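Okay, so here's the structure we're looking at.
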Amino acid sequence: MNSWYKGMDCCSWDGVTCDGATGNVIGLDLTCSWLRGTLHSNSSLFLLRHLQNLNLSSNDFFGSHILSNLSAFATLTHLKLSGSSFSGSIPCEISRLSKLVLLDLSNNYFFSKLSLENSIFTMLVQNLTTLRKLALDEVDMSMVSPKSFANLSSSLTYLSVGSCSLDGIFPNAVFQLPSLTTLYSFANPNLSGILPKSNWTSPLESLALWSTSFSGEIPDSIGIMKNLTVLDLEDCKFTGHIPSSMWNLKQLQVLWIDGNSFCGVVEFDSLTYLKLSNNNFSGNMPLCLGNITNLMFMNLSNNRLQGPLPCSLVKCVNLSTLVLSHNEFSDIFPHWLKASQLYTLDLQSNKFHEFFSNTSLNIIDLSNNKFGGPIPLPSPVTNYFSIASNNITGKIPSLICNATWLEIIDLSNNSLTGSLPRCLTNFSTNLLVLNLRMNHLEGTIPQYFLSRSGLMTLDLSQNRFESTLPQLLVKCRYLEVLDLSHNQIEDTFPRWLGTLSELKVLVLRSNNLKDLLDIPKGAHLFPKLHILDLSNNSFSGPLPANLIMNLKGMMNGENMQDTSLYMTRSFGSGTYENSVAVMMKGLEVELVRILTFLTIIDLSCNSFQGNIPKVIGHLHFLIGLNLSNNHLTGSIPSTLGNLTNLEWLDLSSNKFSGLIPRKLGDLASLGYLNLSKNQLTGRIPQDKQLSTFSSNSFSGNPSLCGTPLPKACPGDAQPPPPLSLLTFDRKGHERRLKWLMQGVRMLESRTVEWIEKSKRKAIKFHGQ
């Protein structure tokens, strides 16, 4: 709009089109013009009564409704208001714009969605008889009956209603509109339907129904759709064989049918993108796939394919991405592929063996196979390198540091030996993840870290590292996950790590750490920490009240502003899942993905003494607390009853005395409680949640009495005899496993709820 000057003919302004004969403004295109603010009904815009084309898309009209004044544009043929943060109900006056050829109200969802009533959509369908393009993506159409789509204009060529919360059965009549070339109805999980067995519209070129509840088989009749270039049916409920009639679709370039229950053979000559993951394909990979010589992208992951790879793949010289993960292939590394542009190769979770020579792959994932021998070196251009869970032996060569573009290195769960090359922690500012867990590595952790290090995850757990922690770790200012558990590190508590403002997970379990957890009062440390595991060390002295007071992420839900469910690391075109082992409800659990809001403190198996500090009751978002196997004394503080999100609490094997506080009964989420082997006294409260636990939660306290223990309190009737020890142990173990599984599922579901709540609370900070 820089050309809009007073005194100049407005017909010469950018975005303005005038009628050559009358001089009237007939077109106004202000797309991406950085407009912002509220659009009012008295705007001079509505004086342009001769407008035929109005485009206000990709601006910021936050707080504005689509105004009924639009009905003043009686000659309007094109109306585009997409991506401009309009909200509220779509007015019925839009249905009076009977000359409309194009209507695009899509993607107005930055803060709140537009909504469309069923009656207004019905009027729109009835009145806009010349409409050729209709885009309503992200409009809330939950009140609209899908049956209304059957009455759409026969002149319609483009229909897009993705993510509209549609609910019901999609009418087959839409597939039979005579002019329709594009149909997008994706991301409507409650929208069901079947593909028509006959009378498809012949011009259809692009069909996307992904993430809906469409079901049934793909009918043979799809073979008449000669113009079809894109077919995206992923994550639906389709079943059955791929019909041979689809081989007639010579124009088909993109086929994404992953996440269904398809089986059979696929044979297409013209495809460039093929995605068949998450289906029921089995047997050997069809030889015919090698005939798709234009293929650039192939994803066959998560099926039951087996045997060797067909040599016909050598003809797929244009391949850039090949994903065969989570199948049962058994073959050597396909070094014979002649795809010079191959960028991504994912063979994880198969039975491949015999390693490859150096290649120019950017992303290579060979994890969970049967590769053996020394480490194959990645290429200098590789940025993702995973050979985890194989049979790799020998030392880590220093030549690996020549791959300076590496972002992810995952060599975990192998049989690597020797010390780490000094260069491994400081060879590149690009490195985000270094995972060497579960090997036989030894010596000291390298002391050198780059001052501009981008490292976010460092996992050296379950090795044999010794000596002290490298203090130059403080240079890794983006570090989020540090797991050094199950090593032989001898040191005191590294409070200097608290200066890492992004640190969320700190696991130092099972080392030789000792002395006090001494944190100066008033220090501002560990602001985002939500998993702290210092168990099975030799820490002593009182529990660290000053440290607890610093854990702001557990007090105020600092991490709830993260809209992700898991701590997933994104890189380029892929992702990496952080993992950690924790004690959860009395059992050690390997979390292959870390929930964003999982908040745990585990200080068990140390030599802590004294009382539990009352300040621990301020950790309102704490989910798991384990202080067992210490020398703690005094009474259990009633402030623990403030931890309303707590799901497991283990205070066993200490020297606690006094009564069990009734406030523990207010912990409605508490599914696991262990107060055994202490010196607690009196009657066990049977209030609320406390009444749900078995005697195992209270045993080993000689002065405790009452249900569920066999010892009656004075004045009580004698309780019935307990079940046999054998029966109790077996059933108790089964119940604990059940609790554990239920707990993980409940954590995930609660996290989803927290995410939605945090989106609403912090909506001014986060956009979608």
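This is a predicted model, so every value here is computed, not measured.
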Could you pull out all residues at least two apart from Lys663 that satisfy side chain to side chain donor-acceptor pair (under 3.5 Å)? Asn642

Could you go through residues 605-619 and list every donor-acceptor pair under 3.5 Å that involves a side-chain atom there, pairing it with any protein atom two or more places apart or in another chain?
{"unit_1": "Asn606", "atom_1": "OD1", "unit_2": "Asn537", "atom_2": "N", "d": "3.3"}
{"unit_1": "Asn606", "atom_1": "OD1", "unit_2": "Ser538", "atom_2": "N", "d": "3.3"}
{"unit_1": "Asn606", "atom_1": "OD1", "unit_2": "Phe539", "atom_2": "N", "d": "3.1"}
{"unit_1": "Asn606", "atom_1": "ND2", "unit_2": "Leu534", "atom_2": "O", "d": "3.1"}
{"unit_1": "Asn606", "atom_1": "ND2", "unit_2": "Leu603", "atom_2": "O", "d": "3.1"}
{"unit_1": "Asn606", "atom_1": "ND2", "unit_2": "Ser604", "atom_2": "O", "d": "3.1"}

Is it the case that the side chain of Asn674 and the backbone of Ser676 share a donor-acceptor pair, with hydrogens and angles ignored and the cut-off at 3.5 Å? yes

Shortest non-hydrogen pair, Gln447 vs Leu472, comes out as O-CD1, 3.0 Å

I need the minimum non-hydrogen distance between Leu627 and Asn654, along with the two atoms involved. O-ND2, 3.0 Å

Among all residues two or more places apart in sequence or in another chain, which pass the salt bridge (charged side-chain N to carboxylate O under 4.0 Å, His left out) test with Arg422? none

Reported CG-to-CG distance for the pair Leu651 and Leu680, which is rounded to 0.5 angstrom: 8.5 Å

Please determine which of Thr457, Leu460, Leu458 meets the side-chain contact (heavy atoms from CB on, under 4.5 Å) test together with Leu482. Leu458

Taking all non-hydrogen atoms of both residues into account, name the closest pair between Lys585 and Gly671 and its distance. NZ-CA, 4.5 Å

Considering only heavy atoms from C-beta outward, does the side chain of Thr707 approach that of Ile684 to under 4.5 Å? no

Could you pull out the closest heavy-atom pair between Ser428 and Thr404, with the gap in Å? OG-O, 2.8 Å

Sequence neighbours excluded, which residues qualify as side chain to side chain donor-acceptor pair (under 3.5 Å) partners of Asn435? Tyr576

Any carboxylate oxygen within less than 4.0 angstrom of a Lys/Arg side-chain nitrogen, looking at Arg477 and Glu502? no

Would you name the heavy atoms of Asn701 and Asn678 that are closest together and state the gap between them? OD1-C, 2.9 Å

Side-chain contact, heavy-atom cut-off 4.5 Å: Ile531 with Leu598? yes

For Thr639, side chain to side chain donor-acceptor pair (under 3.5 Å) partners two or more places apart: none

For Asp687, the salt bridge (charged side-chain N to carboxylate O under 4.0 Å, His left out) test, sequence neighbours excluded, returns Arg662

I'd like to know if the side chain of Asn578 and the backbone of Met567 have a donor-acceptor N/O pair within less than 3.5 Å. yes

Between Asp60 (side chain) and Ser85 (backbone), is there a donor-acceptor pair under 3.5 Å? no

Who pairs with Glu577 by side-chain contact (heavy atoms from CB on, under 4.5 Å), at least two apart in sequence or on another chain? Tyr566, Thr568, Arg593

Sort and list the pairs that fulfil disulfide (SG to SG under 2.5 Å) and have at least one residue in residues 518-547, not counting sequence neighbours. none

Within the distance-only criterion (no hydrogens, no angle test), does the side chain of Asn414 pair as donor or acceptor with the backbone N or O of Ser412 below 3.5 angstrom? yes

Is Met549 atom CE crowded by more than 12 heavy atoms from other residues, nucleotides or ligands, each under 6.0 Å away? no

Check Phe449 against Thr425 and note the closest heavy-atom contact, atom names and distance. CE2-CB, 3.6 Å

With distance as the sole test, does Asp518 use its side chain to make a donor-acceptor pair with the main-chain N or O of Leu516 at under 3.5 Å? no

Salt-bridge present (Arg437, Glu590; N to O < 4.0 Å): yes

Of all pairs that satisfy disulfide (SG to SG under 2.5 Å), the ones with a partner from residues 434-536, not counting sequence neighbours: none

Residues forming a side chain to side chain donor-acceptor pair (under 3.5 Å) with Asn550, sequence neighbours excluded: none

Please tell me if the side chains of Leu595 and Phe597 come closer than 4.5 Å, counting only heavy atoms from C-beta onward. no

Quick one: which residue pairs count as a side-chain hydrogen bond (donor to acceptor under 3.5 Å, both in side chains) with a foot in residues 485-495, not counting sequence neighbours? Asp483-Ser485, His486-Arg509

So the disulfide (SG to SG under 2.5 Å) pairs with at least one residue in residues 409-453 (sequence neighbours excluded) are Cys401-Cys423

